[in-house]
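What follows is one structure encoded as structure tokens, with my remarks underneath.
Computation of the quantities below employed the complete heavy-atom set of this structure, encompassing side-chain atoms and omitting hydrogens, waters and symmetry-equivalent molecules. Protein chains get the first letters and strands the later ones, always in sequence-line order, with residue 1 at the start of each.
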Protein chains: 4
Amino acid sequence: MNQHRSGPVRSAAAREAVLAATTRLFHEQGYDKLTIEGIAREAGVGKQTIYRWWSSRGAVIADCLTEGRLFLVEFEVPNTGELLRDIEHWLTTVLTILEARNGGELVRSIVAAAAEDPAVGDGLSESLGVERSLTARLAVAVREGQLPADAPIEQIGDAIFGAIIVRSLSRKSDSGESLRQLVRFLFTPTGRQGGAEAPTRRT
Amino acid sequence: MNQHRSGPVRSAAAREAVLAATTRLFHEQGYDKLTIEGIAREAGVGKQTIYRWWSSRGAVIADCLTEGRLFLVEFEVPNTGELLRDIEHWLTTVLTILEARNGGELVRSIVAAAAEDPAVGDGLSESLGVERSLTARLAVAVREGQLPADAPIEQIGDAIFGAIIVRSLSRKSDSGESLRQLVRFLFTPTGRQGGAEAPTRRT
Amino acid sequence: MNQHRSGPVRSAAAREAVLAATTRLFHEQGYDKLTIEGIAREAGVGKQTIYRWWSSRGAVIADCLTEGRLFLVEFEVPNTGELLRDIEHWLTTVLTILEARNGGELVRSIVAAAAEDPAVGDGLSESLGVERSLTARLAVAVREGQLPADAPIEQIGDAIFGAIIVRSLSRKSDSGESLRQLVRFLFTPTGRQGGAEAPTRRT
Amino acid sequence: MNQHRSGPVRSAAAREAVLAATTRLFHEQGYDKLTIEGIAREAGVGKQTIYRWWSSRGAVIADCLTEGRLFLVEFEVPNTGELLRDIEHWLTTVLTILEARNGGELVRSIVAAAAEDPAVGDGLSESLGVERSLTARLAVAVREGQLPADAPIEQIGDAIFGAIIVRSLSRKSDSGESLRQLVRFLFTPTGRQGGAEAPTRRT
DNA sequence: TCTTAAGCGAGACGGTACGTCATGTCTTAAA
DNA sequence: TTTAAGACATGACGTACCGTCTCGCTTAAGA
């Protein structure tokens, strides 16, 4: 039924060595210094073995990404019942991790990889727990009435993630205060529609 | 007293040729295919002339960016008095231009450049008119009471721009409907907090 | 019918396939383009099967050589009783065959193989019929008094063969006239010792 | 009058380093172990510098050959007036040098190079002094009547050289006795046709 | 007006990495 | 147990760019 193929099978050891080496080099040197030859050298693997199984260095990174090798923590959004506080907590954690290196180099590297390779782009937002975790928390908020029923929660997640990226690309470093302002604006019940009448309603 | 210097001064023609060639190649092939040697060849210029005046290919791109060579239109946000409609109009225009090429290649190229080079990152959001134009429109909205006085308009701009980037990196193509949902959420007067009773419940 | 059992049954077929494929590729592409992998592919044989039986590509060629697969004709030297005419006839035949390809490529290929691999060198001169046939003819000449009894016939054979090789390596193409001059010098009864006294002795 | 060409000129140092390294490696390891990368490494030169000026490793060897770097001595044929003795002397010298290494490896290497590359073939026989020196000595012999006026001296030179090659390819090692037999046959005044009585017997 | 030093095009240089190919050893599944 | 198929580490191939460094010219300011 299935097409038969004889011969040796893919070496699990080689695959593991490549992904491990890639992760190591990616963290140490960033995406633009990452080379196929460097990975092969570090992994003790032939170049051809990499080319046999991955189409580009981006594809290798994408595999690392989807296996959770690049971000070693789960960016879980807590659920205390108070949306804004939960999101702010999550934001602080995320920023701490992402900027632990040298000023957001990690974000820029992953963005560069995503810009170059479709496969990386696919696993991008999900890998940060944005989709899996942040969106889930927002869904809860919708269910509990903290957000309107028609709130585009996925797009809101993208917007927050996008703001993090933009901030990182601009090399701003304000300890995340500006991002905190953003989420406060987004999730403060008084909403953003201020103006003349809003303040009165707000008091 | 003054440092003596004889000889010719920087050639305006060479500078123009380099920037023009860079713009051309950037649009034709994208950032990752862009090379110093390619620019020099295309511009009919010596490599050293480029290295004399720019520190990297990123710096050349940054110059193109700040001179408005990469995006040939001004992304002006109209002001009809109705904020949401204006933003949606601007969004449609921006997406039309950015995706005219092959599926957001243009955005990804500029993002890659920004991820690699600080100078590009600096001029990034501004170059798209996000800062100059979108933020200005939001400031007007604040003044006119369509947004609360403490709305972090710059961060909102970044969030929208960031959402565009994230969408582009993920290679989604839904004609911008998801982004339109986002701005509708952000700028609809009814706000996003779920219905009439939610605020009361909070107090 | 023979598909029935395991063991060395297939061996003979594999051996034949390898030698046939090698011969084909050698003639089509020359020695330097000849590869083990290419032979295996062409023969429909595993690489290991080749390595099991032969130590190198030179060894495969050597087998082809000793089995007469590389030169499909026998370079028989005729025996009409007239030595010079016989040799010249043989020479013409040999050159016709050897240069039929593209300007002596065949000779150069076999020489390259011989230079690289001892086994090929061993079978070299013999394979062209130099030893078996030319030397035999010279031996007859010695017996019949057309050559002196102590003529080093094997060395003479080597010299003629060597001259062919040198000519081929130098890429000269004079339709063999220069070689014909050589054999005329070697086998003309008047000998090569010209000068004043020799002709007189000759008359 | 002459076409002007700006820009830097070929580096004599790089050229020298390449040829010196090639000569060294050729003697140490033979032609088949000789690689462009090896030469570049040994010479402390970029690979591209080699490819810029030579079309193949054969071309580099050819340059070494024509500059007399591969054979460090001049194979001068003496002229004592006695042809055979002179040639035998030359032959002894040549064989001593050529087989000093490991059993004719040097000859086989140069032959392999010549078989692969036309340029090497061109400079081949000349480089050994066959053309320049041996042929010159034979020409003298013709003038002095030791050889007939119409003796094809160039072909005789090729034949001797070719016999050396064939001997080397066959890995024979008899201290050159067989070759000495050949030249004795060629240059002994009594000629090679079997004595005084043989012709008569033949008629 | 003449000197002179910088800018310019061109491109050679020592390097690094690319993606491909072949080597010789090894492992697997089928016959 | 041999075979074909082919994965593996190794290493050379020839190409493209990197950033630096001459070249020989053109050119403009200062003497």
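Heavy atoms only, all atoms of each residue included: C/Ala113 and C/Ile61 are closest at CB-CG2, 4.2 Å. Summarising the geometry of C/Leu169 relative to C/Arg108, their closest heavy-atom pair is CD2-CG, 4.0 Å, with the distance given to 0.1 Å.
For the pair A/Tyr51 and D/Gly44, both in contact range of DNA chain E, the more 5′-proximal nearest nucleotide belongs to D/Gly44. In this structure, D/Ala12 and B/Ser11 both approach DNA chain E, and ranking their closest nucleotides by distance from the 5' end singles out B/Ser11. Nucleotides of DNA chain F nearest to B/Gln48 and C/Gly46 differ in position, and the one nearer the 5' end is that of C/Gly46.
For D/Thr49 and E/dG14, the shortest distance from a side-chain N or O to OP1 or OP2 is below 4.0 Å. OP1 or OP2 of E/dC8 has at least one side-chain nitrogen or oxygen of B/Trp53 nearer than 4.0 Å.
A search for side-chain hydrogen bond (donor to acceptor under 3.5 Å, both in side chains) contacts involving B/Gln29 returns nothing, not counting sequence neighbours.
Residues C/Ser56 and C/Asp117 have side chains in contact (heavy-atom distance under 4.5 Å, counting atoms from C-beta outward).
The main-chain N or O of C/Tyr31 is found under 3.5 Å from a side-chain atom of C/Ser109 such that the two form a donor-acceptor pair.
Within the 4.0 angstrom heavy-atom criterion, base atoms lie near A/Arg52.
Following rounding to the nearest Å, B/Lys47 (NZ) and F/dG19 (C1') show an atom-to-atom distance of 7 Å. In this entry the distance linking CD1 of C/Ile50 with P of F/dT3 reads 12 Å, nearest Å. With rounding to whole Å, C/Leu25 atom CG is found 11 Å from E/dA22 atom P.
Remark: A/Arg57 is not positioned above the aromatic ring of A/Phe26, lacking an NZ or CZ atom under 6.0 angstrom from the ring centre and at most 45 degrees off the axis.
Residues from residues 28-43 of chain A placing a heavy atom under 4.0 Å of any atom in DNA chain F do not occur.
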